[in-house]
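Below: one structure, written as structure tokens.
Only this structure's heavy atoms are used, side chains among them; waters, hydrogens and symmetry mates stay out.
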Amino acid sequence: MATAAATATTPPLARSLLVCYASQTGNAEWIARHLRDGAERRGARSARCLALDELAAEPAAAGVDADAAVLVFVASTTGDGDPPDNATKFWRWLRRAKKPELDTAFRGRKYAILGLGDTNYSNFCQHPKRLDRKLIDLGASAFMPKGLADDATGLEEVVDPWVEQLWEALPTVLDLDPSAAAAFLASGASSFMAAKASKPASAAAPDSTVPKATAGTTSVNANGSAVATASAATAQPAAASITGTTPTVASSVDSGAVDDLDAALARLAIPPQHAAAPIALTVLPAATAADPATAVPPLPLPPTLPFALVATGERRPFRQSRDWPPCAPHQASAGDAAGAFAYTAARPFAAQVVATRRLTGARAVSRVHEITLDVSGMGWAARAGDVLSVVAPNPDELVLPLLRRLGLDADAVVDVAPAPGSAAAAAAVRPLPVACTAYEVLRYLVDLRPPPRAPLLQLLAARCAAADSDDARRLQALATGAAPGTLRALRSERPSLADWLATFPSVSGVTLAELVEVLPRLQPRQFSVARIDHDGPVGGAVRRVSLGFAVVEYETPGGRRVVGHATPWLEALCESAVAAATNGGGRVLPVVPVFPKPESPFRPPELLALAAAGEDDAAATTAAAAAAAAAPLVMIAAGTGLTPFVSFLEARAAASATAVGGAGGAGVSAKRARVESGEETVVAAAVANEVAHGPALLYHGRRFLAGADGDGDRIYGRDLDTWRASGVLARLCEAVSRDAVPPHAAVEATSGGGPDLVVHGYVQEALRADGQRLWALAQDSGAYFYVCGSTALARDVHDALVGIATTEGGLAAVEARAFWTRLSRERRYCRD
């Protein structure tokens, strides 16, 4: 009787698993996909992997209410504690859905959460923590403790043991196929992330910062050859207007007279940063099975894939792949209800390059450009603080040599087919969006500079010519954590797939399907919009936007030269566009595939207030926006972190000009503009034109003083001086780290139109010099503080602001930190 009673009260096991991810850079998605694969191999009868936004779009179709599905979430955090882009619709759905719908989706559901974050930011793993609280409120219950992985110390320190706990706990909530589970155990296969494997975080240097760079480097032009950078440029050069040419998506390979891969390789000049080079494994001894000191686990078998790639019989020469469907931008149809936000990484918009200019001079350590794009057909109501994502391909200098090294047919079109015995899994996985060639996979779909992860290293080990070779043992030692010091060092070296193959020459026979399985997906890069050119009234669709970017190139600790993914490509497009304009109709005009970020938490105070207030009470919404706009605005940046603030100040300048012209007023009028933002309408009140703005203060750091010939790195200098002279900027303070500051520059300016204060050092030194003023603004005037730049900058600025609260406000250290934490919760302290 006791057994029968226990059986009656024990809830039935779920028959399906949903692995949901919220991913900004691809790390959470990568982990989620492999969790799904691991569950299938362990006997899960039905396992799906999808983004949180997909779950929100069609919860029933996704299977959230079918068979009491178990939910596993892998969620990262972006910005200053915000959800990634592919989770914004999910949270909107949670706010809007009716109780019966949410009860069906979540009440009584079993779930587990793995969070990815970075303790360099104050709101560590804020998004997965928030998700955990929300699920509990909705009636779900966790079947295992949540994991919170820290990128600052290595995600694998938490991810690996959490995954092992998941495999142990999953049979208690999910009905597994016993025969499949037994086969998996008999195979001796390891988890998708071996113990002590490399962290699943992108080691790519962000395109917004330049860790190291050297003046006088070369750039890559549109046909792949190295060309010298211009030796001088003005501080504010006129934009090169580009007209009268035909737009096209740029390709690194000149289509003329290139008939096959060998001919293309013969014509391709490969610069050092893309040339395959062996990786120095100096601290890894030769590993042999006979040596107990270097013994490693047995080599794995080649991975068992739930899909196969089969030839369709069609051939598409790679020189024609510039119009490949997934990356070929298109115009929105007239009936596209989602508007600009219907565009995604897989379906981007074709933005034509219409102007470019160089913002830095010859002395600058890094090259900074501004590129202007025509987005008039996108229907985007862009506003100050918005972000545009750029879909940049891998360079042919990496792709073509890899095709030759791996022996892949560049032109044969392949499509997905089920692997034997796994038809359902293959249908759910769909690793390729459409049928495509090996060239298209390597150029547009996969990351060719992946962080060293266990699956890639185990694949290369399994594909060594001899299982007992030194190459195979070394790779397996790396994959299983037998050489953790070497693996940590390799992350900072950012080796490409070609570098791994050059280091281990006995690797051969790697298939395209295996690469698709183990390599992370190529991710778009995001850029803050600096300038917005509207077709008509503010709040309507924009005609052009301008992006400012620094070309990322630096030297690793091991002496390797590394370049960013998107910024060198954008620089080459700038050069190509200028050449097209110079040669008249002789060359085609480049096009950049782009799509807008649906929601940006880094907006001017009045827009943040509008988003927080909602639309229920129009009067309260308008009052909140007016109050936020009237508060002081403090902007802090270094280098190209200035670009979003240019959009802030340009919007204020336009509002000031409108008010002077009589179209606006000192207060907020009853007139309001409604701006489409994704699926919901935001009341964006005519705040852009009709509110009284409080004082704006800017603190900007760079390396050099502004020279008379404009040879330094004072980007947007003329604009800043103009805004300071007109009063749009109430105070302008600058810090220079390499040039000595003349005594007269380090005191208050006596005339308008230039910086009020210039100090030697980093931007935090300028903050400390103005500490009394800043504390009064924060404590007494309700000021909003914005910080834009690298993680290191955000940390140093935060320390400086905490110090100001201590020295000027008399707070204890704990109280000072709590003060800025409170401002962050109130959205008065925003970091990007």
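Summarising the geometry, atom CG belonging to Leu475 is positioned 11.5 Å from atom CZ belonging to Arg473; distances are rounded to the nearest 0.5 Å. The distance from atom CG of Leu408 to atom OG1 of Thr511, rounded to the nearest 0.5 Å, is 8.5 Å. Atoms CG and CG, from Leu403 and Leu265 in turn, are 8.5 Å apart once rounded to the nearest 0.5 Å. Atoms CD and CZ, on Glu553 and Arg367 in that order, are 4.0 Å from each other to the nearest 0.5 Å. Between Asp53 atom CG and Thr344 atom OG1 the span is 11.5 Å, to the nearest 0.5 Å. For the atom pair NE2 of His34 and CZ of Arg36, the computed distance is 9.0 Å after rounding to the nearest 0.5 Å.
A centroid separation of less than 6.0 Å is found between the aromatic rings of Tyr439 and Phe318.
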(request) Step by step, work out the salt bridge (charged side-chain N to carboxylate O under 4.0 Å, His left out) result for Arg521 and Asp447. (result) CA-CA 6 Å; Arg521 295 298 175 261; Asp447 189 348; over 6 Å; no
(request) Might you work through the side chain to side chain contact (heavy atoms under 4.5 Å, CB included) test for Phe549 and Cys574, ending with a clear yes or no? (result) CA-CA 11 Å; Phe549 65 92; Cys574 289; 4.2 Å; yes
(request) Begin from the C-alpha positions of Arg560 and Asp499 and carry the test salt bridge (charged side-chain N to carboxylate O under 4.0 Å, His left out) through to its verdict. (result) CA-CA 11 Å; Arg560 299 168 66 88; Asp499 295 332; 2.4 Å; yes
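The shortest side-chain heavy-atom distance between Phe527 and Val545 does not fall under the 4.5 Å cut-off. Using a 4.5 Å heavy-atom threshold, the side chains of Val552 and Pro568 count as separate. Between Val510 and Leu515, some side-chain heavy-atom pair lies under the 4.5 Å cut-off. When side chains are defined from C-beta on, Trp500 counts as touching Leu457, because their heavy atoms get closer than 4.5 Å. Between Val413 and Arg315 the shortest side-chain heavy-atom distance does not fall below 4.5 Å.
A donor-acceptor pair shorter than 3.5 Å can be found between the side chains of Gln24 and Asp85. For the residue pair Thr556 / Glu493, a side-chain donor-acceptor distance below 3.5 Å is found, with atom types taken as modelled. One side chain, Asp471 or Ser506, offers a donor N or O that lies under 3.5 Å from an acceptor on the other. With 3.5 Å as the limit, one finds no donor-acceptor pair spanning the side chains of Asn86 and Glu29.
Classification of Arg474 and Asp470 as a salt-bridged pair holds, one side-chain N sitting under 4.0 Å from a carboxylate O.
In plain terms, the two heavy atoms of Met378 and Pro596 that are nearest each other are SD-CD, 3.9 Å. In plain terms, the two heavy atoms of Ala28 and Tyr21 that are nearest each other are O-CB, 3.9 Å. What you find for Val518 and Pro455 is that their closest heavy atoms are CG1-O, 4.0 Å.
Annotation: cation-pi pair Arg525/Trp569 absent, no NZ/CZ under 6.0 Å from the ring centroid and within 45° of its normal.
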